[in-house]
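Note that the structure is predicted; figures quoted are calculated from it, not measured.
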Amino acid sequence: MTKLRIQSRASRLRYPGVGINTFEVRSISLNDLHCPVRDVPSFADGVENSIREQGLANPIIVVRGPREDLARELESLNGRPASLPKTPVVNVVYGGTNRVTAARMMGYTHVDCVLLPSFELALRVQEQQRNTYNGTTATQAGS
């Protein structure tokens with residue numbers, strides 16, 4: 001088993017400005033992640049190079065919950081039925097499809113993921129992660 005870990009190796013991360021600002025980070029098998037959005041191969045190559053040079057800066061954003069609940073939430077957001085794996089609990093990648101693809105290309109079996117209970121919250125965390133690259137805020141490791 002080869003795990004791709006975030007640089008801080010924190011078990012929890014804080015995202016200031018997000019309602020609940022501390023979330024669990026867990027190493028999850030790449031086989032247990034459902035990516036509903038296609039990756040962009042040319043972008044995934046760049047992400048792979050970045051991970052090789054600098055490591056994984058942020059965990060994959062995963063909405064984890066009962067299949068029926070997530071399907072209902074996705075349908076209300078997208079206006080169409082969601083295609084989810086036939087498992088009782090689903091790990092839906094909300095942010096990081098290209099990082100998942102890069103981790104697979106690099107031979108990793110597991111990757112660090114921040115686990116969130118809803119897509120609304122995932123959007124807010126994704127905004128915080130993106131801001132770290134724009135220099136507008138810093139993601140801080142929690143205790």
Side-chain angles (χ1 to χ4, degrees), residues 1-52 54-134 137-143:
M1 172 175 16
T2 308
K3 296 181 179 182
L4 179 57
R5 306 301 308 257
I6 56 175
Q7 292 172 341
S8 68
R9 300 197 186 278
S11 61
R12 300 185 86 62
L13 287 183
R14 294 182 191 276
Y15 290 96
V18 176
I20 302 169
N21 69 0
T22 303
F23 305 98
E24 180 181 6
V25 175
R26 184 184 302 172
S27 184
I28 297 180
S29 168
L30 291 167
N31 294 330
D32 293 337
L33 296 176
H34 173 67
C35 298
V37 177
R38 290 182 171 206
D39 63 342
V40 179
S42 59
F43 189 67
D45 289 341
V47 171
E48 179 182 356
N49 290 336
S50 173
I51 290 171
R52 283 190 198 284
Q54 301 169 11
L56 185 64
N58 286 303
I60 308 302
I61 300 172
V62 172
V63 178
R64 179 186 176 98
R67 181 184 188 281
E68 296 80 18
D69 293 352
L70 295 183
R72 215 176 0 264
E73 188 177 356
L74 280 171
E75 185 171 353
S76 72
L77 290 171
N78 299 328
R80 57 178 163 37
S83 174
L84 295 175
K86 305 281 188 220
T87 57
V89 175
V90 181
N91 298 307
V92 178
V93 174
Y94 184 83
T97 299
N98 290 301
R99 285 177 280 161
V100 169
T101 298
R104 286 185 175 127
M105 291 186 321
M106 296 169 72
Y108 287 99
T109 59
H110 291 70
V111 66
D112 278 358
C113 301
V114 60
L115 302 177
L116 304 171
S118 73
F119 292 100
E120 179 184 346
L121 194 51
L123 172 64
R124 295 174 71 195
V125 168
Q126 184 181 52
E127 289 171 352
Q128 290 292 322
Q129 279 191 1
R130 286 181 175 167
N131 287 341
T132 64
Y133 296 105
N134 297 334
T137 187
T139 302
Q140 303 168 7
S143 55

Ile60 vs Ile28 side-chain heavy atoms within contact, under 4.5 Å: no

Atom CD of Glu120: over 12 foreign heavy atoms under 6.0 Å: no

Whether Arg67 side chain and Pro85 backbone form a donor-acceptor pair below 3.5 Å: yes

Residue pair Val111 / Arg99, side-chain heavy-atom distance below 4.5 Å: no

Distance, nearest 0.5 Å, that separates OH of Tyr108 from CG of Leu56: 9.0 Å

Distance in Å, Leu33 CG paired with Cys113 SG, rounded so as to fall on 0.5 Å steps: 4.5 Å

Atom pair OG1/CE of Thr101 and Met106 - distance to nearest 0.5 Å: 12.5 Å

Minimal non-hydrogen separation, Val93 against Cys35, with atom names: CG2-SG, 3.7 Å

Shortest non-hydrogen contact between Arg64 and Leu70, atoms and distance: C-CD1, 4.2 Å

Separation between CD of Gln126 and CD1 of Ile61, rounded to the nearest 0.5 Å: 5.0 Å

Heavy-atom side-chain proximity of Val92 to Phe119 below 4.5 angstrom: yes

Approximate separation, where rounding is to 0.5 Å, of Asp32 CG and Thr109 OG1: 10.5 Å

CD on Glu75 to CG on Leu77, rounded to 0.5 Å: 10.5 Å

Pairs involving residues 36-50, ordered by first then second residue, that meet salt bridge (Lys or Arg N to Asp or Glu O under 4.0 Å) (sequence neighbours left out): Glu48-Arg52

Under the side-chain hydrogen bond (donor to acceptor under 3.5 Å, both in side chains) test, residues paired with Glu73 that sit two or more places apart: none

Side-chain donor or acceptor of His34 paired with backbone N/O of Ser83 under 3.5 Å: yes

Worked check of side chain to side chain contact (heavy atoms under 4.5 Å, CB included) between Tyr94 and Leu116: CA-CA 10 Å; Tyr94 184 83; Leu116 304 171; over 6 Å; no

